Amino acid sequence: MSVSGMPYAPMSLHLLLAVSLCVALASSSPWAAASANGNGNGKPLVAAITKDAATSLYTVPIKDGRPLVLDLAGALVWTSCAAAHPTLECHHHFCMHAHSYHPPGCPHNGYGRADVEDPFRCKCTAHPYNPFSGESATADLTRTRLSANATDGKNPLYPVSFAAVTSCAPDSLLAKLPAGAVGVAGLARTRLALQAQVARSQKVANKFALCLPSGGGGDGVAIFGGGPLFLLPPGRPDVAATLAGETPLHRNKDLPGYFISATKIAVNQEQVQLYTQEPLVVELCTRIPYTALRPDVYRAVVDAFARATAGRKRVTPPAAAAPPFELCYDSRELGSTRLGYAVPQIDLVLEGGKNWTVFGGNSMAQVSDNTACLAVVKVKGEKGSPPPPAAIIGGFQMENNLVVFDEEKQRLGFSGLLWGAFCTPLVVQLSSMVPYTELRPDVYAWDEILQWPKKVAPPVAPFELCYESRTIGSNRLGYAVPDININLEDGAAWYIFGGNSLVQVDDATACFAFVEMRPEKVGVKTKQKYSVMSTLRCYFSLFLSLILLALLPRTLASDAFQAPRPILVRITKDTSTSLYTMSIKTGSRLVLDLGGPLLWSTCLAAHSTVPCRSDVCAAAAVQDNPWNCSSSTDGRGGDGGGGRGLCACSAYPYNPLNGQCARGDVTTTPMLANVTDGVNPLYPVAFPVHAACAPGALLGSLPSGAVGVAGLSGAPLSLPSQVAASLKVERKFALCLPGGGGTGAAIFGGGPFHLLVVPEEFGMVSNGLSYISYLRNPKNGGFYLDVVGIAVNHRGADVTPDSLALDAGTGHGGVMLSTVAPYTALRPDIYRAVIEAIDAELRLIARAPPSWPFERCYQRSAMWWTRVGPPLATVDLMLRSGGNWTFFGSNMIVQVNEETLCFAIVEMGQTPAMDESPAVIIGGFQLEDNLLVFDLEKGRLGSTGLLYWIRTTCSNFNFSWGTPYKIALVLSLLAAPLLCALAAGDGQHRPPSKPILTRLAKDPSTSLYTASVKNGGGQFVLDLAGPLVWSTCPGKHRTIPCGAGVCAVANRNHRPNCPYTAAGSNGGDGGRCACSATAYNPASGQCGYGDLTTVQLSANATDGKNPLFQVWLSAVASCAPQPLLGSLPAGAAGVAGLSRAPLSLPLQVAGQLKVEKKFALCLPTAGDVGAAIFGGGPFWLQAAPPQQVSDRLRYTPLLKNPKNTAYYIGVTGVAVNSVQVLLPPGALSLSARQGTGGVAVSTATPYTALRSDIYRPVRDAFAAATAGLARAPAAGPFDLCYQKSALPPTRIGPYTASVDLMLAGGQNWTIVGASAVVEVSQEAACFAFVDMGAAAAPAVDHSPAVIIGGHQMEDNLVVFDLEKWQFGFSGLLLGTMTRCGNFDFSIGSQ
């Protein structure tokens, strides 16, 4: 129905269908999009190869349908150009690559010439070379569009058009090329060769395969980008997967072609005796038609072949027929097989042991009707040219042989002569004009027929094979002869049985009714027509397009959440440390380390661990430990997170900035990033990774707020490897490091990379990548470049190649990339040579004084500015593979002040930021605004060069959400609770806010309780009376200004025994007044003051039953001097004040996490693990059945002491065994005016302390109630002790008298059993109350009458509700068969 309620008219339906068809054809056809944007969707490209009969050259029609000649030794692609064409600038990195190899006889006239239209612009020129005429030229380097078809290895799928960098050439350079050819497609081992550009533009492997056709009119095939290759008939295996052999590819320093090594040559399986024992260098070449042998090799091979064919009839053909060949034969007497003429095979025994075997089909050339010659010739040496290789395999010997050139693996693969198959489908023509089936000569030679064991009769023209018919049996299909199957394209077979394969020529003779095609017919091409099947496929595709159009929203949503896609992370540069960080650890920042083997961060005390014998632990153990830490392959008993008896895997996180390392558990932690299409972020994704825990001390020298380091090496536990394994994406990542103040981007998992403000003609920035192979140091995980020299302004510095080489044995030397070194650092000998080269080039530029750490500086006023920075000098790293890595002004010059520019290189000190002593460390500054792609699968590094050339920077990534995925984004937002639930087990902080949980432990030596809430490790001592949080601080820390409101809050409460200190100082922050606050040690009674700062805290959100996910918060805290830690437990970093003061931990948690002002403590006994929950909620303990302890609490009001911020409760009296103890009137009252008296609660006082006038009556009453129990000597600080043997054990502890604190409101807090007495030895237990007058200084100010100590609160849930201002307590939990150690710290499932 329409909107108006009326049905659509028939015409409307037709119109809708027509529009739908148009939209489907325009937008849904895969080839339309691919052709438009040059993207083959990651599929290889295929092109037909044709052999030109006149020149014996091979061409592919990829330039507007016109052919380019294939040249395996060609360094670039060149074509004729229109008069108006774009050009590239001289400084473009492609210009450098165009000059990697210089053609012979071509003058060296620089990289370019002035642009006529813009005299201030230098346009790049290249040197196209015609190897067939020997001519070269100087012409513009340009961009042109080439086209081919995407393929699945079986069929062409759809056309793909892509931009390629090519050289123009004058029409005169086309001489001696095939008719119609418009240039040459170089396939050599260079970055501007055709296959290298296809690999970059289509994101496919740098690999190509050639199956050259023979000269029979059929087409061969070229596949660029890897993949399978299936030849007809259907059912044959993938030829690329069933190669006859592989051998390493080698380079020639003078030539860019393909070279392999052979150890010997054999003819008829007998080794040829050569005149040299050296390995034979063999080149593959499509420039020459036949294999050419060095004279010494030629003579030995030809003589051996002549001996092996001594019985064959030799002929001398007319001079015009075969001038280059020496051995020719009467082909009628050679015999035929399906591999060609029946002649001795020739074997090249290659490096690695495989043979390249040349059979008759590739060794014998038909030069006339009855003459075939051995198709090898003698190399013609040219004066002044390099010595020739031992053999150059020409095109004829590669025909009908799949040859695979794998640049990434540097291997050559070959199929050998394809057994009964050809590089082109067999075109079969149906004709009523010929009486018998005619076969092309190479198809006609079927040895199965020749070897059929029947009596042969003399031939009867036009038939060659005839038989005595009486010797052949018969059946209902004719003569009983072998069937002949013609396998058709669609998989069907055309069977020819005896009734159609033999013809009766007379009464006694039957002949094979196939004849050899006459030579004049061989070159006739068969016109191809579209089939009915093709039409049906077209209609089916159209129908499918309509369905996809109708389901488009669902498809987008499905694709968004199911298809593996790369992930995107922002990168920022910390200006104070010059380090790069990314926010990927659920909101926290990790520092990028290119050489780091793993991820590490600070962890909560409650964290999961990885077992020692797991695969993950084995991966953590793979890395060598170069940092002088003990072996990282071991584990330890216990799991570091509260487990019992488990061996937990450990690793050794390393801080690359200060060289410090530590041991920590291997754990699982969540990561959060955005999926991307390379253009925008699309939707968030959470995933788990394995990381090492590290103490907070290891964060020293890292940027403020950083919680660890993300290692980016290729190690199994590096971030790229784990992203690839977790999200099923490529082991590949891209970094675009920003300059100061900008935001860069990292993409993990492959894919394109797009930046804003890029001119449209350049398309995706990642399309302009140039790749080189990187080196790996076996001693560390760094990425190294193979550099042989350094040049300044294209003049080499006095640096020897050996000084830059990487020693694989020791791991020393080499040129390493680093994101933790701010500037490029050079070893002193290299640094001095480079500085001298700079001085030689810039001797006329006005100098400025050095500015540490830079030595060579210049006056800013003497400089001008270009698009790529000040044009002081370019620095080139000259690569062994050819070409340079060039640093321009913006990456080499740093402005240190308004008047001074300096070269951003430094002399390497004795302790470089990297281990294993590299010769050169390329620092982050030199990598900024340059897209770098690290392909860990292919072992190569891609670089765009400085992005300023194309008027963009790394800060121009578009971080706004991608519009094609609005539906997916909405779904992701709706699914946010699900994503959070999935990540909950790994510690992700997510809304809505929940209470947080931390483990508690009791230190047996001090009887103090600690909690692990300080991010990065370190324990905080719990102090119920403490007004704030304090800890020791690193030398460099943030401060809070004196005028801030929080400064006044922090200084409200001063202890009487601490001297008053001013609220601020101005001595440590550049003249700014920094707030300070007093820190108090409740164990020693000492105090000190320090800066007010912020510290990172972390805990786990909880539902009251389990920890759920990790939560981080920033808390205001006071710094304290190191001596203030005296008397605290070993490993304690400070004190967490839990009082009612505004800056106490509970109130800061409530304020930041928006939870209740309420906390619960369940203090453990020594050796057990308790729990604290901040923010309210239930509290469950494991029991039979599990108990929600918080449901049965008894409450009493909390009282406030105006003189301090401790917690007081109203106690009206004390009873022993239910009999009230007679105390002085008002002994337990709190004086609001003086702040004295009252009953306070403390975790810093180990045992309940009573003022002497209260202690003595209570002790006496307890002694009277236990008069019948055998006493033991007093054990300080206790003066009432018993023999343990006299105290019968019960479920709640030793059987003794009970002590009741009679609370205001009529309830009692009963202290009994394990809470009333304490075991002091194996023989004695004492009354666990002490005389306050005899004890140390109280932990609570202003002289309370009673301080309820920690022992009386152990295994007793106590809740401090600061909103309702009440105190809850459960009583001793042992009575309900549970204890505080029974909280379930396993990660919750919700």
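These values consider heavy atoms only, across backbone and side chains, with no hydrogens, waters or symmetry-generated copies. This one's a predicted model, so the numbers in the text were calculated from it and none came from an experiment.
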*Side-chain H-bond candidate by donor/acceptor type, T87 with R121, under 3.5 Å*: yes
*Just checking, any donor-acceptor pair under 3.5 angstrom between side chains of K203 and N767?*
yes
Answer whether the closest heavy-atom distance between the side chains of [X] and [Y] falls below 4.5 Å.
X: L927; Y: L735; value: no
X: L842; Y: F903; value: yes
X: N891; Y: V875; value: no
X: W852; Y: V896; value: no
X: Y129; Y: D71; value: no
X: L817; Y: L785; value: yes

Between [X] and [Y], is there a donor-acceptor pair closer than 3.5 Å when you use the side chain of the first and the backbone of the second?
X: R191; Y: G882; answer: yes
X: S721; Y: A715; answer: yes
X: S136; Y: P128; answer: no
X: N655; Y: G700; answer: yes
X: N780; Y: G782; answer: yes
X: E899; Y: R860; answer: no
X: E408; Y: N206; answer: yes
X: S803; Y: T800; answer: yes
X: W885; Y: L879; answer: no
X: R731; Y: G714; answer: yes

Looking at [Y] and [X], is there a salt bridge between them, counting it only when a charged N and a carboxylate O are closer than 4.0 Å?
X: R940; Y: D935; value: yes
X: D798; Y: R832; value: no
X: R189; Y: E407; value: yes

*Passes side chain to side chain contact (heavy atoms under 4.5 Å, CB included), M816 versus N777? Steps please.*
CA-CA 9 Å; M816 184 181 188; N777 189 335; over 6 Å; no
How many angstroms lie between [atom1] in [X] and [atom2] in [Y], if you round to the nearest 0.5 Å?
X: F753; Y: F957; atom1: CZ; atom2: CZ; value: 5.5 Å
X: L249; Y: K409; atom1: CG; atom2: NZ; value: 12.5 Å
X: I838; Y: M892; atom1: CD1; atom2: CE; value: 6.0 Å
X: L590; Y: L719; atom1: CG; atom2: CG; value: 8.0 Å
X: T166; Y: D140; atom1: OG1; atom2: CG; value: 10.0 Å
X: I772; Y: L941; atom1: CD1; atom2: CG; value: 5.0 Å

Heavy atoms only: give me the nearest [X]-[Y] pair and the separation to one decimal.
X: D929; Y: C954; value: OD1-N, 2.9 Å
X: Y784; Y: G811; value: OH-O, 4.4 Å
X: R200; Y: L192; value: NH2-CD2, 4.1 Å
X: P256; Y: A75; value: CG-CB, 4.4 Å
X: N930; Y: S943; value: OD1-OG, 3.1 Å
X: L76; Y: A126; value: CD2-CB, 4.1 Å

Between [X] and [Y], how do the two ring planes meet: parallel, tilted or perpendicular, split at 30° and 60°?
X: F733; Y: F748; result: parallel
X: H97; Y: H93; result: perpendicular
X: F208; Y: F405; result: parallel

*Starting from the C-alpha separation in whole Å, work towards a yes-or-no answer on side chain to side chain contact (heavy atoms under 4.5 Å, CB included) for C902 and V894.*
CA-CA 5 Å; C902 297; V894 60; 4.3 Å; yes
*Evaluate the side chain to side chain contact (heavy atoms under 4.5 Å, CB included) criterion for residues L877 and I790: first the C-alpha distance (whole Å), next the side-chain angles of each, then the deciding distance (0.1 Å), finally the verdict.*
CA-CA 5 Å; L877 300 182; I790 300 176; 3.9 Å; yes
*asked:* I'd like to check the ring pair (Phe, Tyr, Trp, His ring centres under 6.0 Å) partners of F259; sequence neighbours left out, ordered by chain and number.
replied: none
*Between T581 and T572, is a side chain to side chain donor-acceptor pair (under 3.5 Å) present by the stated rule, with each step listed?*
CA-CA 5 Å; T581 63; T572 57; 3.0 Å; yes
*Distance under 6.0 Å and angle within 45° of the ring axis: does R776 meet both against F783?*
yes
*Do you know which of V709, V591, T819 makes side-chain contact (heavy atoms from CB on, under 4.5 Å) with L579?*
V591
_Test side chain to side chain donor-acceptor pair (under 3.5 Å) applied to H250 and S261, step by step_ = CA-CA 8 Å; H250 297 284; S261 180; 5.1 Å; no
*Would you list the pairs meeting side chain to side chain donor-acceptor pair (under 3.5 Å) in which at least one residue belongs to residues 834-845, sequence neighbours left out?*
N793-E841, R795-E841, D839-R847, D839-R856
*How far apart are the C-alpha atoms of C122 and C90, what are their side-chain angles, what is the distance that settles it, and do they pass the disulfide (SG to SG under 2.5 Å) test?*
CA-CA 5 Å; C122 175; C90 298; 1.7 Å; yes
*S881 and D786: side chain to side chain donor-acceptor pair (under 3.5 Å), yes or no, with the steps?*
CA-CA 8 Å; S881 58; D786 194 359; over 6 Å; no
*Could you give me the CA-CA distance, side-chain angles and deciding distance for E928 and T953, then say whether side chain to side chain contact (heavy atoms under 4.5 Å, CB included) is met?*
CA-CA 9 Å; E928 288 176 359; T953 70; over 6 Å; no
